[in-house]
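Scope of the values below: all heavy atoms of this structure, side chains included, with no hydrogens, waters or symmetry mates. Just so it is clear, the structure is predicted and the values come from calculations on it, not from any experiment.
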Amino acid sequence: MRKIRAIEKVLIANRGEIAVRIIRTLREMGIISVAIYSDADRTALHVRMADEAYYVGPSPSSESYLNMGKIIQIAKDSGCQAIHPGYGFLAENSEFGRLVEKESLIFIGSHPESISLMGSKTEARKTMKDLGVPVVPGTLYPAKDIKELIKEAEKLGYPVLLKADLGGGGKGMRFARNIDELKSFYELSRSEALSSFGDPSIYIEKYINEPHHIEIQILGDNYGNVIYLGERECSIQRRYQKVVEETPSPFLDSESRKIMGEIAAEAARKLGYRSAGTMEFIVDKDKNFYFLEMNTRLQVEHPITEMVTGIDLVKCQVEIASGKTLQYTQESINPKGCSIESRIYAEDPDNDFAPSPGKILAIQNPSGFGIRDDCGVYEGYEIPIFYDPLISKLISWGNDRREAINRMLRALSEYYIIGVKTTIPFFEKILKHPEFMSGSYNTHFIDKLEKKKEEFEETRKIAVIAVGLREIMDKSESIRQDDRKISSPWKTIGRWLYLQSRL
């Protein structure tokens, strides 16, 4: 039997809203929180909220939040018993997990072996297939060269997806509709995989038409107890990155979610998985599902699961890491109502979502019944250019889906931030869209939305040019009819040039 180790002090190897979120749970548990910060984060909210804070290095993450040796040394010097990695940065770095345990510290996360196994997408696919879990048709090993990819693509049939073996967040992913696009994207995909993950290895998958991206939240302890806490619908994506999530999925039926949940939990049990984790699946229009990948960490969208189950996943992670038995059984999990999350970024939706760093001159956070705002900034804080521009995660809860949507719309209308551009107006458009309202969307939703916007902009340009030309023609006709009036028709072009400048 695993010995229970007391955790009295925890270093959080992360920053921003997720560090703030972890600090809050630690405080409720009576555990001292230790923050780390870079030059850019000296005045960050997580630094202000933690019980203690220590400098970890210069602003670039490679010299600060990815500095494994320095982070571990700070944990030891400050008297911590454990390290929580949050998500991103070192959360799925098996080497970091091993180094933490080597120094007799507790890693609040999965076993390094599980992280390593699931870190390689092809290895994870092979493992799941061996466990009897359906996987998306495709290769089970990284491709040797373009010739091998072409051969596999011909077997699968186009369209196909190129993916980075160590990838995530859509980096290194390319959609190829034919052999020419496959050849064109091959080196681009490899290059992006190398720059993002330090490994150029890529593989190929069959593209599933009209897909839904569904993930199952699981919890496992050190004694073989594994449960699933329902699913999350993550199909509202832009360039393969999630922007809005909800639970339960409006697409799945009760039988489908039960089968997927049981398969995910059983696979995790066979893997000996511990801590919070997520099994991600692609589901086609007929509700056939295929394993996509496993995230061996806390997910960005975990709060919506917490809202419907009433279970604090970070608290569970801490208790499991200390050696305690899982406090819940599958029978005790009864999700209630519906929850939605909108990721509020410092980005400009009107400028191809370009990052919008800068000082927050004023901010009003929404609140009220059924609203949770996991925010990592404050008035006067300057959003740095070095990291992901996530400002907060806005979460709503309702007794049913309609109520959750209405509460989210109300919260978005209350939320204002002055000083930087944000994605708030973008989410209002999504939630008001008939396709989202009906729950009939899939992963193509935003692509179609942006295509319609491009078509509208093109039509608008044509209309403006037509109006300008008409004005010139009308003025010229007026001049011909009145010889007594001497005037240059070029003066009338001023209006047309002004209209052109507004395009």
Side-chain angles (χ1 to χ4, degrees), residues 128 131-136 208-220 225-237 242 244-270 273 276-295 299 301-311 313 316 326-341 370 395-408 431 434-445:
M128 288 299 165
L131 291 175
V133 180
V135 301
V136 179
I208 305 298
N209 288 317
E210 299 182 36
H212 284 258
H213 189 136
I214 306 288
E215 58 187 33
I216 307 293
Q217 176 69 59
I218 60 171
L219 276 176
N225 302 303
V226 181
I227 61 172
Y228 66 93
L229 286 75
E231 85 284 359
R232 295 186 288 256
E233 172 75 65
C234 303
S235 297
I236 302 293
Q237 301 179 6
K242 307 164 192 171
V244 175
E245 302 93 359
E246 64 174 304
T247 185
S249 166
F251 173 68
L252 293 185
D253 52 52
S254 57
E255 183 181 359
S256 297
R257 63 172 49 95
K258 184 175 186 292
I259 292 172
M260 290 177 68
E262 289 176 349
I263 285 177
E266 183 59 25
R269 189 176 296 110
K270 289 177 180 177
Y273 190 84
T278 304
M279 292 276 190
E280 303 203 2
F281 296 88
I282 285 293
V283 186
D284 68 19
K285 61 182 180 180
D286 298 315
K287 295 186 175 66
N288 298 306
F289 61 91
Y290 308 91
F291 172 80
L292 189 63
E293 63 181 8
M294 182 177 187
N295 288 297
Q299 290 281 84
E301 57 273 18
H302 77 273
I304 60 174
T305 296
E306 294 182 327
M307 294 291 273
V308 298
T309 62
I311 295 173
L313 293 176
C316 290
L326 192 62
Q327 301 298 301
Y328 304 95
T329 63
Q330 193 61 61
E331 292 69 32
S332 68
I333 306 302
N334 296 298
K336 180 183 178 182
C338 177
S339 185
I340 302 171
E341 176 180 288
I395 304 106
S396 70
W397 178 88
N399 284 295
D400 54 36
R401 188 170 184 268
R402 186 70 189 198
E403 189 172 58
I405 291 174
N406 289 341
R407 281 188 178 143
M408 176 62 75
L431 268 73
E435 203 169 307
F436 181 84
M437 284 282 193
S438 66
S440 60
Y441 63 87
N442 55 43
T443 59
H444 298 313
F445 175 81

Check: Excluding sequence neighbours, so at least two apart, what forms salt bridge (charged side-chain N to carboxylate O under 4.0 Å, His left out) with Glu231?
Finding: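 Arg257.
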
Ignoring hydrogens, what is the shortest heavy-atom contact between [X] and [Y]? Give both atom names and the distance.
| X | Y | result |
| --- | --- | --- |
| Ser396 | Ser339 | O-OG, 2.8 Å |
| Met408 | Ile340 | CE-O, 3.3 Å |
| Ser249 | Leu252 | OG-N, 3.4 Å |
| Phe436 | Arg401 | O-NH2, 2.8 Å |
| Val226 | Ala265 | CG1-O, 3.6 Å |

Item checked: side-chain contact (heavy atoms from CB on, under 4.5 Å) partners for Asn406, two or more places apart ->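 Partners of Asn406 under the side-chain contact (heavy atoms from CB on, under 4.5 Å) test: Arg402.
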
Within a strict 4.5 Å, meaning less than it, do heavy atoms of the [X] and [Y] side chains meet?
| X | Y | result |
| --- | --- | --- |
| Cys234 | Glu301 | yes |
| Tyr290 | Val283 | no |
| Lys258 | Tyr228 | yes |
| Pro250 | Tyr441 | yes |
| Cys316 | Ile311 | yes |
| Met128 | Met279 | yes |
| Ile333 | Ile227 | yes |
| Met294 | Phe291 | yes |

Notebook entry, point to check: Is there any salt bridge (Lys or Arg N to Asp or Glu O under 4.0 Å) pair reaching into residues 329-338, and which pairs are they, with sequence neighbours excluded?
Noted result: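 Qualifying pairs: none.
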
Donor-acceptor pair, side chain of [X] and main chain of [Y], under 3.5 angstrom:
| X | Y | result |
| --- | --- | --- |
| Ser332 | Tyr328 | no |
| Glu266 | Glu262 | no |
| Arg407 | Trp397 | yes |
| Asp286 | Asn288 | no |

Item checked: Which residues share a side-chain hydrogen bond (donor to acceptor under 3.5 Å, both in side chains) with Glu280, sequence neighbours left out ->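 Scan of Glu280 (side-chain hydrogen bond (donor to acceptor under 3.5 Å, both in side chains), adjacent residues dropped) gives His213, Lys242, Asn295, Gln299.
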
Next item on the list: Could you list the residues that satisfy side-chain hydrogen bond (donor to acceptor under 3.5 Å, both in side chains) with Asn442, not counting sequence neighbours?
Entry: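 For Asn442, no residue satisfies side-chain hydrogen bond (donor to acceptor under 3.5 Å, both in side chains) once neighbours in sequence are set aside.
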
Margin query: Between Glu246 and Ile236, does the side chain to side chain contact (heavy atoms under 4.5 Å, CB included) criterion hold? Intermediate values first, please.
Written below: CA-CA 9 Å; Glu246 64 174 304; Ile236 302 293; over 6 Å; no

Checklist line | Partner set under ring-ring contact (aromatic ring centres under 6.0 Å, His included) for Phe281, not counting sequence neighbours | finding: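 Counting only residues at least two positions away or on another chain, Phe281 forms a ring-ring contact (aromatic ring centres under 6.0 Å, His included) with Phe289.
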
Notebook entry, point to check: About how many Å separate CD of Glu233 and OG1 of Thr443, when rounded to the nearest 0.5 Å?
Noted result: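 So the OG1 of Thr443 and the CD of Glu233 are separated by 9.5 Å.
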
Note to self: I'd like to know if the side chain of Arg232 pairs up with that of Thr305 as donor and acceptor (distance under 3.5 Å, no hydrogens or angles considered).
What the structure shows: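 Yes.
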
